[in-house]
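Comments concern the structure below.
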Amino acid sequence: MEDLYRENILDHFRNPRNFGTLEHPDFSHEEHNPLCGDKLRIDLQVDDDRVTAVRFSGKGCAISQASASMLTEMVEGKTLEEVKSIDKQDILDALGIPISYVRIKCALLGLKTLKAGVYGVQTWVEEDNEQDIGW
Ligand code: FES
């Protein structure tokens with residue numbers, strides 16, 4: 001079973017869904033993983049409080065790119081309230097394999113970027129603040 005999840009991760013890494021940028025995003029935010037310096041940007045277009053388009057760009061390891069790709073599939077068509085309710089466990093469930101403590105920041109880089117963008121937070125890296133927005 002884990003093999004299927006691993007294959008899915010590799011597929012998202014090699015063929016990332018919604019990769020790129022939007023010309024006129026309503027929300028755009030970039031974050032980095034403080035452990036490696038890799039960066040990720042997420043753009044959202046929102047119409048009537050619902051996500052009508054999403055793109056991600058940047059570079060990072062397979063886990064960070066795959067989880068960002070999966071995340072974009074999760075948010076498409078959702079309301080902003082629904083987007084805000086996506087949490088760490090949703091990402092870990094989508095990845096479906098055990099993620100070591102060291103790789104957790106890779107796995108959650110997309111979510112961190114998305115949440116910072118949607119909440120209008122410029123940037124935050126402190127664990128305490130992460131707690132506030134549902135990590
Ligand atoms: Fe940089 Fe994973 S090693 S995001």
Side-chain angles (χ1 to χ4, degrees):
M1 188 65 180
E2 246 183 49
D3 283 352
L4 282 180
Y5 279 107
R6 278 180 206 285
E7 264 176 45
N8 192 36
I9 290 170
L10 278 178
D11 182 47
H12 274 271
F13 176 56
R14 291 181 183 136
N15 309 293
R17 320 307 194 255
N18 301 305
F19 191 83
T21 56
L22 293 173
E23 210 169 316
H24 302 293
D26 294 300
F27 297 92
S28 180
H29 191 77
E30 185 175 284
E31 284 283 344
H32 72 285
N33 180 344
L35 297 181
C36 63
D38 288 340
K39 287 183 181 161
L40 195 80
R41 169 179 155 176
I42 293 186
D43 293 351
L44 285 186
Q45 209 166 301
V46 176
D47 188 24
D48 203 18
D49 213 37
R50 201 170 278 279
V51 176
T52 53
V54 53
R55 296 286 185 278
F56 83 97
S57 55
K59 71 168 192 74
C61 61
I63 294 286
S64 74
Q65 298 292 291
S67 60
S69 171
M70 291 173 186
L71 180 63
T72 62
E73 289 192 321
M74 283 182 210
V75 304
E76 207 153 25
K78 288 215 166 51
T79 65
L80 288 181
E81 272 318 299
E82 289 168 335
V83 168
K84 286 177 183 175
S85 73
I86 297 172
D87 66 13
K88 170 182 173 176
Q89 197 55 49
D90 293 322
I91 303 297
L92 296 180
D93 288 348
L95 289 169
I97 58 167
I99 302 292
S100 70
Y101 180 75
V102 178
R103 306 309 299 277
I104 202 86
K105 291 229 185 263
C106 304
L108 298 179
L109 182 58
L111 184 63
K112 175 182 176 182
T113 308
L114 176 72
K115 291 223 169 187
V118 170
Y119 280 84
V121 180
Q122 278 314 299
T123 190
W124 89 99
V125 289
E126 295 166 31
E127 299 293 327
D128 285 355
N129 291 343
E130 290 171 0
Q131 206 62 37
D132 290 338
I133 58 169
W135 280 61

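The basis for the numbers below is simple: all heavy atoms, side chains too, and nothing from hydrogens, waters or symmetry mates. We count ligands from 1, going down the list as the structure has it; atoms in each ligand are counted the same way. Being a predicted model, the structure only gives us computed values, none of them experimental.
Within the structure, every pair that satisfies the side-chain hydrogen bond (donor to acceptor under 3.5 Å, both in side chains) test and touches residues 90-100, not counting sequence neighbours, is listed here: Gln89-Asp93.
Of the options Ile86, Leu80, Thr79, a side chain to side chain contact (heavy atoms under 4.5 Å, CB included) to Glu82 is made by Thr79 and by none of the others.
Pocket lining of ligand 1, defined as residues with a non-hydrogen atom under 4.0 Å away: Asn33, Cys36, Asp38, Cys61, Ser64, Cys106.
Every residue two or more places apart in sequence or in another chain was checked for a side-chain hydrogen bond (donor to acceptor under 3.5 Å, both in side chains) with Ser57, and none qualifies.
More than 12 non-hydrogen atoms from other residues, nucleotides or ligands lie less than 6.0 angstrom from NZ of Lys78.
Here the CZ-CD distance, from Arg55 to Glu23, works out to 11.5 Å after rounding to the nearest 0.5 Å.
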In residues 42-52, what donor-acceptor pairs under 3.5 Å come from side-chain atoms, sequence neighbours left out?
from	atom 1	to	atom 2	distance (Å)
Asp43	OD1	Ser28	OG	2.7
Asp43	OD1	Arg41	NE	2.8
Asp43	OD1	Arg41	NH2	3.3
Asp43	OD2	Leu22	N	2.9
Asp43	OD2	Arg41	NE	3.4
Asp43	OD2	Arg41	NH2	2.8
Arg50	NH1	Gly77	O	2.7
Thr52	OG1	Gln45	O	3.2

